[in-house]
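Here is the structure we will look at, set down as structure tokens.
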Protein chains: 2
Amino acid sequence: MDTQKYCYEYPRPALTTDCVIFGFDGIEINVLLIERGIAPFKGKWAFPGGFVRMDESTEEGAKRELFEETGIKDVFIEQLYTFSDVQRDPRGRVVTVAYFALVKTSDYQLLAGDDAMKAQWFKLKDVPSLAFDHDLVLRKAHNRLKSKIRYQPIGFELLDAKFTMPQLQLLYESILEIKFDRRNFSNKIMKTGLLIQLDEKVPNVPHRAPRYLMFNKKKYNELQSSGFNFEI
Amino acid sequence: MDTQKYCYEYPRPALTTDCVIFGFDGIEINVLLIERGIAPFKGKWAFPGGFVRMDESTEEGAKRELFEETGIKDVFIEQLYTFSDVQRDPRGRVVTVAYFALVKTSDYQLLAGDDAMKAQWFKLKDVPSLAFDHDLVLRKAHNRLKSKIRYQPIGFELLDAKFTMPQLQLLYESILEIKFDRRNFSNKIMKTGLLIQLDEKVPNVPHRAPRYLMFNKKKYNELQSSGFNFEI
DNA sequence: TTTTCTTTGTGTTATTTTTACACAATGATG
DNA sequence: CATCATTGTGTAAAAATAACACAAAGAAAA
């Protein structure tokens with residue numbers, strides 16, 4: 001039986017999506033990878049992804065694959081770049097539209113890995129050599145995250161609704177790979193007027209407890225439409 | 001005769017590239033468009049573009065189409081975004097990887113328009129409603145250009161090797177849609193240390209003649225590799 | 001109960017960057 | 001030689017950023 005039933009006048013590359021998923025564990029930035037169970041690159045780690053269907057955009061496809069492979073949904077997602085090197089997939093011509101997503105790790109329990117699909121968080125700096133051109137994809141995603149976090153309040157996508165100033169600072173420092181002065185960082189963040197201070201404090205710490213903060217998304221949306229620019 | 005000779009197990013979207021070409025006429029920023037001679041959108045204007053071949057990356061495809069349709073080659077080009085809305089092309093499922101290019105208009109004489117292919121520069125603010133989703137593509141390209149020109153010295157790609165400070169300022173003002181103070185703009189640009197002042201002046205102007213400048217690309221490359229950041 | 005240890009919360013000063021702004025010089029034209 | 005339009009240059013005020021220090025909180029140890 002012939003399975004080659006979709007025919008065209010000219011050859012077409014296959015079209016896939018891949019998704020770089022960033023998470024923050026309270027200390028540093030992590031990336032979610034999936035171990036490939038089949039060739040090519042069997043046993044290597046790669047980003048979740050798959051083929052784009054005819055009735056969905058690439059963004060819809062990326063979201064669908066993200067959910068199917070990790071259970072993650074309704075998170076920040078943004079197109080990163082399209083990788084189209086002729087040789088990037090040994091199986092043939094495959095063009096991939098890569099996305100990157102920011103998730104609150106506490107919202108998702110990774111499925112206990114059956115043999116078919118093993119998913120695991122890696123510290124960004126401990127990510128091993130990846131399948132396909134995913135090393136390049138990751139480098140590009142990290143660069144994008146680095147620049148974007150400075151002029152859009154996307155860092156909060158990686159934190160729980162309630163977080164502390166030290167957590168936020170660790171997040172920025174981990175992504176940007178630089179250190180901030182604790183006082184200047186706090187001043188700058190608070191000066192945006194976008195953080196709500198709660199009275200509640202972190203319990204059971206053997207030192208002065210930091211207060212919880214919340215990001216005021218409503219206020220950000222209001223300010224944004226009147227020409228305000230977030231910047232750290 | 002059956003022309004449907006390329007067959008696959010699963011359906012595949014067609015993959016094209018489109019290229020937004022920006023040019024500067026000395027006064028304001030322009031966009032190069034091509035009038036469609038065939039349906040769909042016959043008579044409407046669109047960006048040059050076409051199908052990606054199996055032996056080329058999308059960037060190579062974009063460059064090839066750019067040259068075939070306008071004669072332009074060896075210019076600044078960068079991937080913009082991939083547009084994949086299911087309905088974006090009435091002929092069927094077509095995903096396009098859009099690029100944007102910056103050209104020195106004086107380097108290219110547009111081919112006298114035969115009936116098959118009419119190319120024309122439009123002032124950015126006078127661009128008519130375009131074919132496909134190219135209005136959206138243009139908006140995205142302009143936004144990218146706006147942000148990129150502030151932190152990468154790409155404005156010089158739009159000017160001749162020799163240019164003047166007033167020209168450079170008009171270029172920035174046209175792209176960013178804001179006005180700069182002439183003195184502050186000049187100070188900021190010169191402080192980068194990337195411009196070479198020539199002794200030559202613009203001839204035959206009925207007022208004090210501005211001096212010619214050149215962008216020091218060599219110095220930029222050196223500085224860049226030692227962690228310098230251009231910023232206007 | 002008091003001391004110790006660690007970390008948070010806050011404010012002031014010095015430095016750097018950005019903005020606002022004015023006047024002399026050039027070059028063709030009448 | 002005066003006129004007109006535009007370039008070249010510098011300084012002062014204002015704003016943003018960077019450097020920096022001390023008091024307060026909270027658990028654990030003495």
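Order of the sequence lines fixes the chain letters, A, B, ..., with proteins taken first and strands second; residue numbering starts at 1 for each chain.
Ion pair B:Glu60/B:Arg64 not flagged as a salt bridge, since none of the NZ, NE, NH1 or NH2 atoms sits closer than 4.0 Å to an Asp/Glu carboxylate oxygen.
We find that NZ of B:Lys188 is positioned 11 Å from P of C:dT17, with the value rounded to whole Å. With rounding to whole Å, A:Asn187 atom CG is found 10 Å from C:dG9 atom C1'. Atoms CG (A:Asp181) and C1' (C:dG11) sit 12 Å apart, rounded to a whole Å.
Within 4.0 Å (heavy atoms only), B:Arg211 reaches sugar-phosphate atoms of the nucleic acid but no base atom.
No close placement of the B:Phe228 and B:Phe230 rings is indicated, their centers lying 6.0 Å or farther apart. Ring centroids of B:Tyr212 and B:Phe163 are separated by 6.0 Å or more, keeping the two rings apart. If you look at A:Phe83 and A:Tyr81, their ring centroids are closer than 6.0 Å.
Note on ring orientation: taking the six-membered ring where Trp is involved, the planes of B:Phe215 and B:Tyr220 are tilted (angle from 30° to 60°).
On a pure distance criterion of 3.5 Å, no polar donor-acceptor pair joins the side chain of B:Arg183 and the base of D:dG8.
Comparing the start and finish of the helix from C:dT1-D:dA30 to C:dG30-D:dC1, five pairs each, the helix axis swings through 10°, to the nearest 10 degrees.
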Could you list all N or O pairs between the protein and nucleotides 24-26 of chain D that sit under 3.5 Å apart?
from: D:dA24; atom 1: N3; to: A:Arg208; atom 2: NH1; distance (Å): 3.3
from: D:dA25; atom 1: O4'; to: A:Arg208; atom 2: NE; distance (Å): 3.4
from: D:dA25; atom 1: N3; to: A:Arg208; atom 2: N; distance (Å): 3.0
from: D:dG26; atom 1: OP1; to: A:Lys201; atom 2: NZ; distance (Å): 3.3
from: D:dG26; atom 1: O4'; to: A:His207; atom 2: O; distance (Å): 3.2
from: D:dG26; atom 1: N2; to: A:Pro206; atom 2: O; distance (Å): 3.0

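No side-chain heavy atom of B:Glu78 sits less than 4.5 Å from a side-chain heavy atom of B:Tyr99.
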